[in-house]
J.: 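Submitted below is the structure of interest, expressed as structure tokens.
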Amino acid sequence: MLNHQNILETLDMIDHQHLDVRTITMGISLLDCCDSDPRAACRKIYDKITRKAEKLVSTGEAIEREFGIPIVNKRISVTPMALVAGASRTDDYVPFAVAMDEAAKTTGVNFIGGFSALVQKGGTAGDRKLIASIPEALAVTDFVCSSVNVGSTKAGINMDAVAEMGRIVKAAAERTADRGGFACAKLVVFCNAVEDNPFMAGAFHGVGEGECVINVGVSGPGVVHHALKSVKGQPFDVVAETIKKTAFRITRMGQLVAQEASRRLDVPFGIVDLSLAPTPAVGDSVARILEEMGLEVCGTHGTTAALALLNDAVKKGGVMASSHVGGLSGAFIPVSEDEGMIAAAASGALHLDKLEAMTCVCSVGLDMIAVPGDTTAETISAIIADEAAIGMVNSKTTAVRIIPAPGMKVGDTVEFGGLLGSAPVMPVHPFASGEFIHRGGRIPAPMQSLKN
């Protein structure tokens with residue numbers, strides 16, 4: 001039961017601590033849009049998305065006004081396009097991305113995800129065509145996001161796909177060189193991708209999902225940071241308990257918005273993703289939470305342990321607040337989207353190797369990291385392989401969203417603006433990984449894949 005004090009505390013979180021619902025994401029199945037004629041398929045895709053999501057944005061805005069809860073983004077995720085387009089007689093999948101983009105513009109959403117392929121064990125002809133289309137598709141569209149799943153705990157790592165994605169990332173950066181390689185900010189390479197992720201750029205509507213569903217992503221790094229100020233110097237047991245209680249309150253708000261959106265849109269409620277998603281705004285940083293625990297700067301020794309505590313406590317608090325927690329859920333560490341991470345990277349305290357270690361215990365992986373424009377495709381593939389190995393062995397979702405910024409070198413900064421922020425260009429190891437990547441084949445699944 002909410003009391004007067006609970007309401008006042010929540011209002012203070014919204015007004016002064018950057019509490020918001022980061023996204024309402026409508027997942028839409030497009031399996032019934034398959035057609036041998038690619039133009040007919042694109043028409044079906046546009047028509048179905050605009051029909052299902054016609055009232056998504058207006059409903060989100062109405063909930064914002066009536067409840068006083070900021071809802072930053074309204075988004076759409078669709079069935080992985082490699083599955084939908086695979087029935088069409090064409091080698092060029094760019095028109096499918098254009099159809100998605102036009103539907104996003106018509107409905108007024110911020111992003112649309114699902115220009116995706118799942119190739120953890122091998123690729124079909126449709127998968128290969130989609131992957132080849134990614135650089136052009138992301139360059140000519142404004143709101144389309146793309147993802148490719150190259151590994152899983154059950155299947156191992158498809159190293160042929162890993163090698164190809166290094167080349168695709170490079171091509172996407174070069175295709176948008178005039179925008180700092182912006183296409184790469186809309187491209188994620190996954191291991192153990194989930195089917196109900198509401199966050200971009202990796203959202204897609206999995207084949208195990210229903211016809212249409214509402215997923216909500218909440219966020220509140222600023223709220224957690226503020227709460228920890230009241231337990232300065234206290235033992236970690238107290239820190240964990242404080243984060244759990246705060247995560248519970250954040251998630252309850254997300255549950256309320258999700259249920260209300262579901263009712264008004266007459267679409268089933270899927271999950272609440274309780275990930276702490278930072279922004280470039282001061283006071284909305286995951287890095288600053290870790291520093292509040294006693295670290296001089298994010299990236300120093302102890303950072304991974306602090307992040308492990310944070311991630312676990314957020315999940316424990318969140319699962320008590322909703323019976324349908326899903327997606328990724330935990331703490332994101334996107335460098336360009338986190339004011340504290342940007343500062344730590346710019347000062348030299350936070351390096352790529354430390355970020356990789358942190359991904360062992362956080363929600364996703366190496367996210368929104370800019371590297372020199374002359375970084376080779378093989379080095380990018382090797383970074384993807386390392387991150388996929390962490391996900392595969394630890395039975396968790398990991399991902400890489402990396403920007404080899406054309407013409408940029410270490411010490412430069414790539415500006416994207418908005419929620420994507422700015423990324424200091426970070427160094428990579430100068431030693432080659434080409435022979436390793438060129439082997440191809442598949443890294444076998446670990447022993448835990450035999451759990452059944």
J.: Knowing that exactly one of Asp338, Leu307, Leu290, Asp367 qualifies, which makes a side-chain contact (heavy atoms from CB on, under 4.5 Å) with Ile333?
T.: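 The side-chain contact (heavy atoms from CB on, under 4.5 Å) with Ile333 is passed solely by Leu307 among Asp338, Leu307, Leu290, Asp367.
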
J.: Do you know which two heavy atoms are closest between Asp35 and Asp37, and how far apart they sit?
T.: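 That closest heavy-atom pairing would be OD1-N, 2.8 Å.
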
J.: Within the 4.5 Å heavy-atom criterion, are Met293 and Leu309 side-chain neighbours or not?
T.: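 A side-chain contact exists here, since the closest heavy-atom pair is under 4.5 Å.
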
J.: Can you see which heavy atom on Ala132 is nearest to which on Ile168, and at what distance?
T.: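 Nearest heavy atoms, Ala132 then Ile168: CA-CD1, 4.3 Å.
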
J.: Do Asp196 and Val213 have side chains that approach each other closer than 4.5 Å (heavy atoms only, starting at C-beta)?
T.: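 No - every pair of side-chain heavy atoms lies 4.5 Å or more apart.
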
J.: For a salt bridge (Lys or Arg N to Asp or Glu O under 4.0 Å) check, start with the C-alpha distance between Lys105 and Glu102, then their side-chain angles and the critical distance, and finish with the verdict.
T.: CA-CA 5 Å; Lys105 291 172 180 174; Glu102 290 175 349; over 6 Å; no

J.: Working to the nearest 0.5 angstrom, can you tell me the gap between Ser147 OG and Ile134 CD1?
T.: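 Answer rounded to 0.5 Å: 8.0 Å.
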
J.: Take Ser285 and Met341 through the side chain to side chain contact (heavy atoms under 4.5 Å, CB included) test and state the conclusion after the steps.
T.: CA-CA 8 Å; Ser285 163; Met341 294 284 179; 5.6 Å; no

J.: Which distance, rounded to the nearest 0.5 Å, do you find between the CG of Asn192 and the OG1 of Thr153?
T.: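 Reported to 0.5 Å precision, the distance equals 4.0 Å.
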
J.: List the steps and the verdict of side chain to side chain contact (heavy atoms under 4.5 Å, CB included) for Val314 and Ile243.
T.: CA-CA 6 Å; Val314 165; Ile243 295 171; 3.9 Å; yes

J.: For a 4.5 angstrom cut-off between non-hydrogen side-chain atoms, does Val364 reach Arg401?
T.: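 No. Closest side-chain heavy atoms not under 4.5 Å.
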
J.: For a 4.5 angstrom cut-off between non-hydrogen side-chain atoms, does Cys184 reach Pro404?
T.: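 Side chain of Cys184 against side chain of Pro404, heavy atoms only: contact under 4.5 Å found.
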
J.: Using atom types as modelled and distance alone, determine if a side-chain donor or acceptor of His438 lies under 3.5 Å from a backbone N or O of Gly434.
T.: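 Yes, because the side chain of His438 sits within donor-acceptor range (under 3.5 Å) of the backbone of Gly434.
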
J.: Check whether any side-chain heavy atom of Leu118 lies under 4.5 Å from a side-chain heavy atom of Phe204, and answer yes or no.
T.: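 Heavy-atom side-chain distance check passes, below 4.5 Å.
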
J.: Can you tell me if Asn311 uses its side chain to pair, donor with acceptor, with the backbone of Val361 under 3.5 Å?
T.: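 Here the side-chain-to-backbone pair exists.
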
J.: Quick one: pull up CE in Met81 and OH in Tyr93 and give me the separation to the nearest 0.5 Å.
T.: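 Here the interatomic distance stands at 10.5 Å.
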
J.: Going through the checks in order, is the side-chain hydrogen bond (donor to acceptor under 3.5 Å, both in side chains) test met by Lys396 and Thr359?
T.: CA-CA 10 Å; Lys396 70 185 293 293; Thr359 65; over 6 Å; no

J.: Tell me whether Thr79 contacts the main-chain N or O of Leu30 through its side chain, where contact means a donor paired with an acceptor under 3.5 Å.
T.: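 Yes; judged by distance alone, with no hydrogens or angles, the pair exists.
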
J.: Working to the nearest 0.5 angstrom, can you tell me the gap between Ile49 CD1 and Thr107 OG1?
T.: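 Interatomic distance, Ile49 CD1 to Thr107 OG1, rounded to 0.5 Å: 8.0 Å.
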
J.: Please give me the minimum heavy-atom distance between Ile342 and Val335, naming the atom from each residue.
T.: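 So the two residues come closest at CG1-O, 3.1 Å.
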
J.: Any side-chain to backbone donor/acceptor pair from Asn73 onto Asn110? Under 3.5 Å, distance only.
T.: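 Pair absent, no side-chain N/O of Asn73 close to backbone of Asn110.
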
J.: Answer yes or no: are there more than 12 heavy-atom neighbours, outside Lys409 itself, under 6.0 Å from its atom NZ?
T.: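 For Lys409, atom NZ is not crowded (no more than 12 foreign heavy atoms under 6.0 Å).
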
J.: Checking side chain to side chain contact (heavy atoms under 4.5 Å, CB included) for the pair Thr90/Lys129: CA distance, chi angles, key distance, verdict?
T.: CA-CA 9 Å; Thr90 180; Lys129 291 174 186 177; over 6 Å; no

J.: So does Leu138 get a backbone contact from the side chain of Lys186, meaning a donor-acceptor N/O pair under 3.5 Å?
T.: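 Looks like yes, one N/O pair under 3.5 Å.
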
J.: Flag yes if more than 12 heavy atoms outside Lys316 fall under 6.0 Å of its NZ atom; otherwise flag no.
T.: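 12 or below, so no.
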
J.: Quick check: are there more than 12 heavy atoms from other residues, nucleotides or ligands sitting under 6.0 Å from NZ of Lys48?
T.: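 Counting other residues, nucleotides and ligands, NZ of Lys48 exceeds 12 neighbours.
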
J.: Run the numbers on Thr398 and Glu387 for side-chain hydrogen bond (donor to acceptor under 3.5 Å, both in side chains), then give the verdict.
T.: CA-CA 6 Å; Thr398 53; Glu387 199 57 35; 4.6 Å; no

J.: To the nearest 0.5 Å, tell me how far Asp32 CG sits from Ile45 CD1.
T.: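 Answer rounded to 0.5 Å: 10.0 Å.
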
J.: When you measure from the side chain of Asp127 to the backbone N and O of Val119, does any donor-acceptor pair fall under 3.5 Å?
T.: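 No; judged by distance alone, with no hydrogens or angles, the pair does not exist.
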
J.: Ile71 and Gly60: which non-hydrogen atoms are nearest, and at how many Å?
T.: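 Distance-wise, the nearest heavy atoms are CD1-O, 3.5 Å.
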
J.: Please report the closest heavy-atom contact between Ala185 and Ile403, naming both atoms and the distance.
T.: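 Closest heavy-atom pair between Ala185 and Ile403: N-CG1, 4.2 Å.
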
J.: Counting N and O atoms only, with roles assigned by atom type, does the side chain of Arg442 sit under 3.5 Å from a partner on the main chain of Ala155, one being a donor and the other an acceptor?
T.: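 Checking the backbone N and O of Ala155 against the side chain of Arg442, a donor-acceptor pair under 3.5 Å is found.
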
J.: Could you tell me if the side chain of Gln120 sits less than 4.5 Å from the side chain of Phe190, heavy atoms only?
T.: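 Counting from C-beta outward, Phe190 and Gln120 never come under 4.5 Å.
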
J.: Parallel under 30°, tilted from 30 to 60°, perpendicular over 60°: which one fits the rings of Phe143 and Phe111?
T.: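 Rings of Phe143 and Phe111: perpendicular, as their planes differ by over 60°.
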
J.: Taking side chain as C-beta onward, heavy atoms only, is Val371 less than 4.5 Å from Thr379?
T.: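 No. Closest side-chain heavy atoms not under 4.5 Å.
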
J.: Looking only at side-chain N and O atoms, does Thr376 offer a donor or acceptor that is under 3.5 Å from a partner on Lys170?
T.: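 Thr376 and Lys170 do not have a side-chain donor-acceptor pair below 3.5 Å.
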
J.: Please report the shortest heavy-atom distance between Ala261 and Ile214, naming the atom on each side.
T.: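 Taking Ala261 first and Ile214 second, the nearest heavy atoms are CB-CG2, 4.3 Å.
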
J.: Verify, without hydrogens or angle tests, whether Ser275 (side chain) and Phe332 (backbone) share a donor-acceptor contact under 3.5 angstrom.
T.: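 No, because the side chain of Ser275 does not come within donor-acceptor range (under 3.5 Å) of the backbone of Phe332.
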
J.: Could you grab the distance from atom NZ of Lys154 to atom OG of Ser395, nearest 0.5 Å is fine?
T.: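 Output value for this atom pair is 9.0 Å.
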
J.: Within the distance-only criterion (no hydrogens, no angle test), does the side chain of His205 pair as donor or acceptor with the backbone N or O of Gly210 below 3.5 angstrom?
T.: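 Checking the backbone N and O of Gly210 against the side chain of His205, a donor-acceptor pair under 3.5 Å is found.
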
J.: Would His324 and Val272 satisfy side chain to side chain contact (heavy atoms under 4.5 Å, CB included), going step by step from the backbone distance to the final call?
T.: CA-CA 6 Å; His324 298 286; Val272 175; over 6 Å; no

J.: Verify whether one side chain among Thr23 and Thr25 offers a donor that lies under 3.5 Å from an acceptor in the other.
T.: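 Judged by distance alone, the side chains do pair up.
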
J.: Answer whether the closest heavy-atom distance between the side chains of Val188 and Met200 falls below 4.5 Å.
T.: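 With C-beta onward as the side chain, the pair stays apart.
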
J.: Report, as yes or no, whether the 6.0 Å neighbourhood of atom NE2 on His429 holds more than 12 heavy atoms from other residues, nucleotides or ligands.
T.: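 Count not over threshold, so no.
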
